[in-house]
Amino acid sequence: MTDRLTVTPLPFDPAFEQVPDDEAETISGLIQAMRDIAETTFADGGHAIRSVHAKSHGLLQGEIEVLPDLPPQLAQGAFAKPGKMPVVMRYSTNPGDILDDKVSTPRGLAIKLIGVEGERLPNADDQVTQDFVMVNAPAFMAPTPKDFLKSVKLIAKTTDRAPRAKQALSAALRGAESLVEKAGGESATLKGMGGHPTTNLLGETYYSVVPLLYGRYFAKLSVVPVSPELTALTDQNVDLKDKPNGLREAINDHFAQNGGTWELRVQLATDIEKMPIEDASVVWPEDASPYVTVARIEVQPQSAWSEARAAVVDDQMSFSPWHGLAAHRPLGGVMRSRKPAYEMSSEFRARHNGCPMHEPKTLDRLPS
């Protein structure tokens, strides 16, 4: 990371995106797999939840400040003008069913900026929000939509099945991942299957993993904890013994006494070969283009999770990369394929829970 722009970004060219002939078939399969997950969990619990990242661990409201004096290449889209606006942050983990936290999977962070001006993406004309959806890895687990579909089908087959066996498997996978990391490596496969370390979500760095337009350029984004009270939680294990919601409790405990500060950073693409759009599994090299800070998020002490807060954020809000500006259109096959699945999940929740999804124009105080 650097505090200033040291590279010449590559302008986006529509030719960088290449749509395979069978992408529509892949999208259809992905929608069906996501619907299978949603229908299974609804039949079990009588409440419609997200097809992925169903379990929230922290629901925060705060303020994001776009920094002044950004160079023109960085002063794009939602970050075109300095100033402050409200933000909602939702911490979650991957599965589409609500599991004991001992089933330890990769983590997610979705953020919603409220009061963003500019030309909107299709079907977002009446909105003023900009969503960014992130996970705690610098690249996506699957290179292509077909590979992503395979993993979602596996999740659909195992949704709501053998929760105790999943806990045992997760413990074994965490042990294997620990051995890999002691040898200086890391396995996205082991982590994705349930072997993620049981660390505090607040100490993690989160990435958009796939590229998006950044005005006339294209980029990846990250959200990084920077205040001492958050960086102290990096790699800190959470005690989950007899605590099925231990991750949520840890976040609640933190924000009962402390606030937090994060930086939102941008990695502009400089080389289409090293920084491809259609292979989502490639980690863009930071020596070719470092992440640069464009905004800062501040959150004050608050109730970080409650049933009342979840009823507003989990049930009535949808976090989607297509809620936003044309200047930040998601790019690549993985994102093209996920768009209809996101829409299906939101429609399913709205229809079965009896309340429409809500894109706030302003942000009132969330319930405690």
Side-chain angles (χ1 to χ4, degrees), residues 53-67 78 82-93 98 101 107-116 129-136 197-207 221-265 293-317 319 358 360-368:
H53 289 275
K55 187 174 185 179
S56 64
H57 303 284
L59 305 171
L60 304 169
Q61 67 178 109
E63 188 173 66
I64 185 168
E65 180 183 11
V66 177
L67 301 183
K84 297 180 179 181
M85 61 190 109
V87 66
V88 177
M89 306 173 72
R90 181 182 188 267
Y91 283 94
S92 62
T93 41
I98 307 297
D101 287 347
R107 289 81 190 283
L109 171 63
I111 64 174
K112 185 183 294 289
L113 284 59
I114 302 171
V116 180
T129 56
Q130 173 66 55
D131 293 0
F132 297 115
V133 179
M134 304 182 175
V135 298
N136 63 327
T198 56
T199 47
N200 195 308
L201 281 77
L202 297 177
E204 304 274 1
T205 293
Y206 296 84
Y207 301 84
L221 273 59
S222 70
V223 170
V224 186
V226 293
S227 56
E229 65 269 26
L230 292 180
T231 57
L233 301 177
T234 301
D235 297 328
Q236 184 182 95
N237 282 317
V238 176
D239 179 13
L240 298 178
K241 184 178 180 181
D242 300 322
K243 296 180 179 179
N245 299 311
L247 297 176
R248 182 181 295 164
E249 292 173 21
I251 294 179
N252 245 340
D253 289 346
H254 175 86
F255 283 102
Q257 302 292 331
N258 303 285
T261 305
W262 297 258
E263 288 180 354
L264 193 150
R265 300 173 181 172
T293 302
V294 297
R296 187 173 292 109
I297 299 171
E298 296 280 353
V299 169
Q300 300 302 316
Q302 60 189 272
S303 171
W305 197 97
S306 68
E307 294 287 351
R309 185 165 283 207
V312 174
V313 180
D314 284 348
D315 288 348
Q316 298 178 30
M317 289 188 187
F319 292 83
H358 173 60
K361 303 287 180 147
T362 59
L363 183 62
D364 297 326
R365 183 174 177 84
L366 293 177
S368 297

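This is a predicted model, so every value here is computed, not measured.
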Inset, instruction - Assess whether side chain to side chain contact (heavy atoms under 4.5 Å, CB included) is satisfied between Q236 and L202, documenting all intermediate values. - result: CA-CA 10 Å; Q236 184 182 95; L202 297 177; over 6 Å; no
Legend entry - Cationic N near anionic O, under 4.0 Å, D101 to K55: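 Here D101 pairs with K55 in a salt bridge, since their nearest N and O are under 4.0 Å apart.
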Rounded to the nearest 0.5 Å, what separation is found between the [atom1] atom of [X] and the [atom2] atom of [Y]?
X: M89; Y: S56; atom1: CE; atom2: OG; result: 13.5 Å
X: D235; Y: T199; atom1: CG; atom2: OG1; result: 6.5 Å
X: H358; Y: M317; atom1: NE2; atom2: CE; result: 6.0 Å
X: K112; Y: T129; atom1: NZ; atom2: OG1; result: 4.5 Å
X: R248; Y: T93; atom1: CZ; atom2: OG1; result: 9.0 Å
X: E65; Y: I297; atom1: CD; atom2: CD1; result: 11.5 Å

Inset, instruction - Given side chain to side chain contact (heavy atoms under 4.5 Å, CB included), test L113 with F132 step by step and report yes or no. - result: CA-CA 8 Å; L113 284 59; F132 297 115; 4.3 Å; yes
Do the side chains of [Y] and [X] get nearer than 4.5 Å, heavy atoms only?
X: M134; Y: E204; result: no
X: P225; Y: W262; result: yes
X: Q302; Y: R309; result: yes

For [X] against [Y], the heavy-atom pair lying closest together:
X: V133; Y: F319; result: CG2-O, 3.9 Å
X: E229; Y: H254; result: O-CE1, 3.6 Å
X: W305; Y: G58; result: CD1-N, 4.2 Å
X: A304; Y: N252; result: N-OD1, 2.8 Å
X: N200; Y: R107; result: C-NH1, 4.1 Å
X: A54; Y: R90; result: O-NH2, 3.2 Å

Legend entry - Qualifying residue for side-chain contact (heavy atoms from CB on, under 4.5 Å) with L264, from V66, V224, I111, T293: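 It is I111, the one option of V66, V224, I111, T293 that forms the side-chain contact (heavy atoms from CB on, under 4.5 Å) with L264.
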Legend entry - Listed partners of T231 passing side-chain contact (heavy atoms from CB on, under 4.5 Å), at least two apart: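 Here no residue qualifies.
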Legend entry - Aromatic plane relationship, Y206 with Y91 - under 30° parallel, 30 to 60° tilted, over 60° perpendicular: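 Perpendicular, since the angle between the ring planes exceeds 60°.
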Legend entry - Heavy atoms from other residues, nucleotides or ligands near CG of N237 exceed 12 (cutoff 6.0 Å):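 Correct, the count exceeds 12.
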Would you mind writing out the side-chain donor-acceptor pairs for residues 361-368 within the sub-3.5 Å range, not counting sequence neighbours?
from, atom 1, to, atom 2, distance (Å)
K361, NZ, D126, O, 2.2

Inset, instruction - Under the side chain to side chain contact (heavy atoms under 4.5 Å, CB included) rule, what do E298 and R296 come out as? Steps first, then yes or no, please. - result: CA-CA 7 Å; E298 296 280 353; R296 187 173 292 109; 3.8 Å; yes
Legend entry - Side-chain donor or acceptor of S222 paired with backbone N/O of Y207 under 3.5 Å: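 Between the backbone of Y207 and the side chain of S222 there is no qualifying donor-acceptor contact (under 3.5 Å).
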